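Working notes, beginning with the structure itself.
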Amino acid sequence: MSIKIPAGLTDLLQGFTVEVLRKQPVDLVEFAVQYFTKLRASQKVPFGNERSGSGAFRATKAVNFADEPMQTDSENGEEEDDDDDEEFEAPVINRFTRRVSVCAESFNPDEEEEDTEPRVIHPKTDEQRRRLQEACKDILLFKNLDQEQMFQLLDAMFEMLVKVDEHVIDQGDDGDNFYVIERGTYDIFVNLDGLQRCVGTYDNRGSFGELALMYNTPRAATIIATSNGALWGLDRATFRRIIVKNNAKKRRLYEEFVQSLPLLKSLELGERMKVVDVFGTKIYKDGECIIAQGDKADCFYIVESGEVRITMKHKAKPDADGGMEIARCSRGQYFGELALVANQPRAASAYAVGNVKCLVMDVQAFERLLGPCMDIMKRNIANYEEQLVDLFGTNMDLTDPSV
């Protein structure tokens, strides 16, 4: 005979199991009594709406965290006392419901404190985990995470199916989740001067929603699905505990370097720090191709260490093996921006000379954060074209895809 598992039981037992493994109580029965007593006392409403893995909503028992500040790492660092109410914190079970307000949250990512917040885990099939790993493999925010941090993120992410015209996030709302796109197309709308304008599109890849979580600010844009699709969501608490803390370390590491870059001088300090937060890091071996002429442009690069050789194949020099070298980039110099500015395929190739380390920004972040630098980059196109005339002996138009 088949036995139906009550709604919410899996999440309830999962939260309890995590607490048992974390605190290792001697008296398991007494621990269970105090744990569930505290859990029941913390419930503001008997039932909450939880989004299931299929995208539908189901009624299940849940702790309501919307009416009280979330426990943060800065709070967790305090010494535990003997009070049972402090020792047995109710776990975060429901992370799917929209947050009412986050402006009272206190969070200092620079504080090195013990991480004692219960882990959020959403069970997945092998097939779901494979799809999730594939969707996350090129997310630059995840590039600097160690293996344990990456495992925690994958465990905490949940699947969400979306339909055409569904609003995933709305400008002005509080940030609740970070989203990674598995499939589907999504338009980015920003309210400018009272008019809603489409400023970009996600096409079956990418991520969004990180800025509101990083800086505790309202959503800066509206994201609307233009096709049926699937997203993977990561709750605010896990995002801040892992990504924001990791980025704070990265910011301290790169702050002086980024402030020294001439390209970013036109940005305010806060804008420069946002740029640092979305940079990923990639390392290339000697001779490795970083970008290839003719490829679709998806990233912008700044050389942190080493040297990069820029080459171009052109009909004016058909005999040049592998293309003619046109420039070299060293620490602090950037490349790969022309194709993004002109919205064209790569006009040149780039190869590592020795071991090279680059800061890398994806095209969505480039368009979102480097708008104030765009005039500088456009002026540089004319400079590049003049230099190439001397090399190839013919007029060049780098915005022309047939070059």
Side-chain angles (χ1 to χ4, degrees), residues 48-58 62 65-66 70 92 94-102 120 122 124 128 131-142 153-154 156-192 195-240 242-244 274 277-278 362-369:
N49 289 328
E50 177 175 339
R51 186 183 292 272
S52 68
S54 64
F57 284 87
R58 65 174 187 269
F65 292 93
M70 185 196 311
V92 177
N94 185 358
R95 293 288 189 179
F96 301 129
T97 52
R98 295 291 184 190
R99 298 173 60 84
V100 174
S101 176
V102 296
V120 178
H122 297 292
K124 301 171 183 67
Q128 282 180 310
R131 289 191 286 109
L132 173 57
Q133 290 175 325
E134 180 66 21
C136 291
K137 70 178 184 179
D138 293 323
I139 303 302
L140 291 177
L141 278 174
F142 297 168
L153 283 186
L154 295 178
M157 296 182 81
F158 59 92
E159 188 174 15
M160 188 172 84
L161 302 182
V162 295
K163 297 181 179 179
V164 177
D165 295 330
E166 182 175 345
H167 285 226
V168 182
I169 62 176
D170 286 293
Q171 185 172 349
D173 283 358
D174 287 326
D176 50 0
N177 299 312
F178 169 70
Y179 298 96
V180 173
I181 298 169
E182 180 184 335
R183 66 178 185 274
T185 55
Y186 307 83
D187 281 346
I188 310 165
F189 289 92
V190 175
N191 197 327
L192 299 171
L195 298 175
Q196 196 173 58
R197 301 179 184 176
C198 182
V199 297
T201 299
Y202 294 101
D203 187 359
N204 287 287
R205 63 192 298 268
S207 60
F208 56 86
E210 74 278 8
L211 294 182
L213 306 189
M214 285 178 173
Y215 304 105
N216 199 23
T217 55
R219 296 293 195 189
T222 295
I223 307 293
I224 302 177
T226 54
S227 70
N228 292 336
L231 302 168
W232 290 96
L234 178 66
D235 66 275
R236 180 186 183 89
T238 304
F239 181 92
R240 285 164 72 85
I242 297 178
I243 301 295
V244 175
K274 288 181 180 181
D277 284 341
V278 299
D362 66 33
V363 61
Q364 289 87 8
F366 178 87
E367 293 171 346
R368 219 167 51 221
L369 298 176

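Computed from a predicted structure; not experimentally measured. All values below were derived from every heavy atom in this structure, side-chain atoms included, with hydrogens, water molecules and symmetry-related copies excluded. Sequential numbering from 1 along the given sequence is applied to the chain's residues.
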Looking at [atom1] of [X] and [atom2] of [Y], how far apart are the two atoms once the value is rounded to the nearest 0.5 Å?
| X | Y | atom1 | atom2 | answer |
| --- | --- | --- | --- | --- |
| Tyr202 | Tyr179 | OH | OH | 13.0 Å |
| His122 | Leu132 | NE2 | CG | 11.5 Å |
| Asn204 | Tyr186 | CG | OH | 8.0 Å |
| Ile169 | Ile224 | CD1 | CD1 | 10.5 Å |
| Glu210 | Lys274 | CD | NZ | 10.5 Å |

4.5 Å side-chain heavy-atom contact, [X] and [Y]:
| X | Y | answer |
| --- | --- | --- |
| Arg219 | Asp170 | no |
| Asp235 | Asp176 | no |
| Leu234 | Val180 | no |
| Val120 | Met157 | no |
| Met160 | Asn177 | no |
| Arg205 | Ile181 | no |
| Leu153 | Thr238 | yes |

Looking only at non-hydrogen atoms, find the nearest pair between [X] and [Y] and report the distance.
| X | Y | answer |
| --- | --- | --- |
| Leu141 | Ile243 | O-CD1, 3.9 Å |
| Val190 | Ala221 | CG2-CB, 3.9 Å |
| Lys163 | Ala225 | O-CB, 3.4 Å |
| Trp232 | Gln128 | CZ2-O, 3.7 Å |
| Val244 | Leu213 | CG2-O, 4.3 Å |
| Phe208 | Phe178 | O-CD1, 3.3 Å |

- Message: Restricting to side chain to side chain donor-acceptor pair (under 3.5 Å), what partner residues turn up for Asp187, sequence neighbours left out?
- Response: Thr201
- Kindly write out the residues that satisfy ring-ring contact (aromatic ring centres under 6.0 Å, His included) with Phe366, not counting sequence neighbours, or none if the list is empty. Phe300
- Item | By ring-ring contact (aromatic ring centres under 6.0 Å, His included) - contacts of Phe189 (at least two apart) | none
- Message: Could you go through Glu159 and Lys124, starting from their C-alpha distance and side-chain angles, then the distance that decides it, and tell me whether this counts as side-chain contact (heavy atoms from CB on, under 4.5 Å)?
- Response: CA-CA 9 Å; Glu159 188 174 15; Lys124 301 171 183 67; over 6 Å; no
- Kindly indicate, with the supporting measurements, whether the criterion side-chain contact (heavy atoms from CB on, under 4.5 Å) is fulfilled by Ile188 and Ile223. CA-CA 5 Å; Ile188 310 165; Ile223 307 293; 3.8 Å; yes
- Task: Would you please test Asn228 and Val164 for side-chain contact (heavy atoms from CB on, under 4.5 Å) and show each step?
- Result: CA-CA 5 Å; Asn228 292 336; Val164 177; 3.6 Å; yes
- Check for a donor-acceptor pair, side chain of Thr222 on one end and backbone N or O of Gln171 on the other, with a separation under 3.5 Å. yes
